[in-house]
Structures are given as structure tokens and as C-alpha cells.
Protein chains: 2
Amino acid sequence: MSVRTKETCNKHIIPVRDALEVLGGRWKLQLLIHLSFGPRRFSQLAKELSPITDRTLSRELKSLEANKVITRTEYDAFPPVVEYKITPHGESLFAVISELGNWGRAHRKLIMDK
Amino acid sequence: MSVRTKETCNKHIIPVRDALEVLGGRWKLQLLIHLSFGPRRFSQLAKELSPITDRTLSRELKSLEANKVITRTEYDAFPPVVEYKITPHGESLFAVISELGNWGRAHRKLIMDK
DNA sequence: CTGCATCCTTTCGGATACTG
DNA sequence: CAGTATCCGAAAGGATGCAG
């Protein structure tokens with residue numbers, strides 16, 4: 001049963017695409033890894049991920065926040081203080097990222113060697 | 001030891017980016033899933049992945065072939081017959097894809113629900 | 001300090017037409 | 001049948017400047 005129709009294929013593909021969208025692009029992964037070491041402020045991240053631009057950093061952080069893998073906390077102070085922090089849902093991504101990394105290492109070995 | 005420098009971070013990030021590059025884009029994942037059911041010819045894939053264009057299908061197949069996750073076999077016949085097939089290295093990707101799918105499902109639940 | 005507005009470049013993928 | 005060549009539009013991402 002369960003013929004391979006476009007619909008049954010999509011049922012497999014859609015969740016994977018969802019995940020790839022959360023991780024996709026040049027910066028989200030790096031952001032996540034840096035935040036895995038602890039909460040960070042905007043300017044800290046800007047420095048650590050240099051040469052990222054403010055605009056891009058802002059956009060990426062919003063995307064991660066919308067996907068609930070990080071939180072944004074604004075403290076009432078002047079000058080402003082904002083802290084970004086990984087959520088449990090974000091932590092759960094690291095198992096997946098680690099698998100991707102393992103495959104990537106095997107892949108690099110296969111492609112580069114010999 | 002092992003401070004969190006840009007270099008140590010990159011050591012984690014680069015293999016993951018390698019993996020994401022192999023899977024990235026609109027079509028590679030679908031291609032892989034269709035090929036997981038058995039070898040396919042160019043026109044079969046074109047039909048199954050409709051509305052993909054010939055040009056795009058051709059490009060994506062070349063990319064997967066370059067990454068050694070599929071093979072391309074040309075049979076001497078007229079009209080031409082070409083068969084695409086997943087490699088063992090390609091098969092090993094499905095464990096990763098499955099993990100991505102699991103996370104994606106949990107993610108969708110979290111984002112869509114409530 | 002945090003971050004948005006505007007503009008610009010680069011990249012990705014699609015449309016159409018054509019070939020061995 | 002299995003592609004390639006050329007052209008093009010949409011989208012992602014960067015540079016610069018300004019604001020609360």
C-alpha cells in the first residue's frame with residue numbers, strides 16, 4: 001500500500017524542508033552555535049560573526065525568534081540592552097546538526113580524498 | 001581548553017554547511033526521495049517532479065552526481081537511454097534526512113499549534 | 001546600543017528555443 | 001530521448017545612512 005504519489009512524497013518532504021528553512025542561509029547555523037555557548041547581546045554577536053552586517057544580523061535573529069529556537073529579551077535601560085538566548089526547542093536542533101556534521105565529514109573525506 | 005574562536009567554530013560549521021549544500025535548493029531532496037524507490041530515467045524524473053524544467057533537472061542531477069550521491073549511466077542505444085541511481089553514499093543520507101524530518105514535524109507542531 | 005530604511009549586487013531557478 | 005544555450009525575473013544578502 002501507500003503508492004508513491006506526489007502526495008505521499010510530499011508528506012515526507014515537507015517536514016524536512018521546514019527544518020532546512022530554519023537552518024538555511026549563510027548565518028543561522030553560526031548564530032545557533034555561538035548562542036549554544038550562552039546568551040549574547042546584539043553587538044557581541046555582530047562582533048563574533050563579523051563580517052555580518054547589522055541589517056542581516058537583525059533579520060536572521062528575527063527569523064530564529066519567529067521559529068522559537070531563540071528568545072529575545074529587552075532590558076529597560078539606556079543605552080538599550082537586548083539579550084538573545086537559545087530555547088529548549090533550539091537545543092533540540094543540535095542533535096540534528098550533529099548528524100549533519102557527521103555526514104558532512106564523511107562526505108568531505110569521500111569528495112576530497114583520492 | 002579549546003576556546004571558542006572563529007576557527008574552532010568553523011570546524012563545527014563547515015561539515016554541516018557541506019551537508020546542507022548537498023541537500024539545498026528546491027529539488028535535490030525530492031530527487032533523492034524519488035530515486036530511493038529505484039533507478040530512474042531522465043524523462044521519468046521530469047514527469048514525476050513536474051513542473052521542473054529540463055534545464056533545472058539537468059543541473060540538479062549533475063550536482064548530485066558531482067557529490068557522488070547518485071550515478072549516471074548511459075546505455076548505448078538510439079534513442080539514448082540514461083539511468084540515474086542512488087549510491088551507498090547517497091543512501092547514507094537518508095538517516096540524516098529522517099532526523100531532519102523528525103525535527104521538522106516537532107517544529108511544525110510547535111509553530112502551528114496553539 | 002540596537003536596529004530599521006533604502007538601495008544595490010549576486011545568486012537561483014524558470015521560460016523558451018534548439019541539438020546529437 | 002536527453003539534454004544544452006540564452007535570456008530573464010525573483011529573492012537573498014550586503015553597503016550605507018539614519019533613528020529611538
For residues 31-60 of chain A, which residue pairs qualify under ring-ring contact (aromatic ring centres under 6.0 Å, His included), counting only residues two or more places apart or in two chains?
-> none

Just report the end-to-end axis angle for the helix from C/dC1-D/dG20 to C/dG20-D/dC1, five pairs per end, to 10 degrees.
-> 50°

Using whole Å, report how far CG of B/Asp76 lies from P of D/dA2.
-> 14 Å

Contact nearer the 5' end of DNA chain D, comparing B/Lys62 with B/Pro79 | B/Pro79

What is the distance, rounded to the nearest whole Å, between atom CD of B/Glu74 and atom C1' of D/dT4?
-> 14 Å

Roughly, in whole Å, what's the span from CZ in A/Arg40 to C1' in C/dT2?
-> 17 Å

When rounded to whole Å, the CD to C1' distance for the pair A/Glu83 and C/dC1 reads 14 Å

Sequence neighbours excluded - ring-ring contact (aromatic ring centres under 6.0 Å, His included) pairs with any residue from residues 57-103 of chain A = A/His89-B/Trp103, A/His89-B/His107, A/Trp103-A/His107, A/Trp103-B/His89

Only pairs at least two apart or in different chains count here, so list each salt bridge (charged side-chain N to carboxylate O under 4.0 Å, His left out) that has a residue in residues 71-85 of chain B.
-> B/Arg72-B/Glu74

Whole-Å distance between D/dA2 P and B/Glu65 CD?
-> 15 Å

Return yes if some donor-acceptor pair links the side-chain N/O of A/Arg17 with the main-chain N/O of B/Gly104 below 3.5 Å, else return no.
-> no

Atom CG in A/Leu45, atom CZ in A/Arg40: separation rounded to 0.5 Å?
-> 7.0 Å

Exam field: side chain B/Thr8 to backbone B/Thr5, donor-acceptor pair closer than 3.5 Å = yes

Inter- and intrachain pairs under salt bridge (charged side-chain N to carboxylate O under 4.0 Å, His left out), touching residues 87-107 of chain B, at least two apart = none

Of the nucleotides C/dC1, D/dC1, C/dC4, which one has an atom closest to the side chain of A/Arg41?
-> C/dC1

Just checking A/Tyr75: base, sugar-phosphate only, or nothing, at a heavy-atom cut-off of under 4.0 Å?
-> nothing

A/Leu61 CG to D/dG13 P, straight-line distance once rounded to whole Å | 14 Å

Could you check how far CG of A/Leu57 sits from C1' of D/dA15, rounded to whole Å?
-> 15 Å

Rounded distance (nearest 0.5 Å) linking atom CD of B/Glu60 with atom CD1 of B/Ile70 = 10.0 Å

Out of B/Val69, B/Leu64, B/Leu23, which one pairs with B/Lys28 under the side chain to side chain contact (heavy atoms under 4.5 Å, CB included) rule?
-> B/Leu64

Find the distance A/Arg72:CZ to C/dC1:P and express it as a whole number of Å.
-> 15 Å

What string of B, S and - do you get for nucleotides 6-20 of chain C, 5' to 3', if B is base contact, S is sugar-phosphate-only contact and - is no contact with any protein heavy atom under 4.0 Å?
-> B------BBB----B

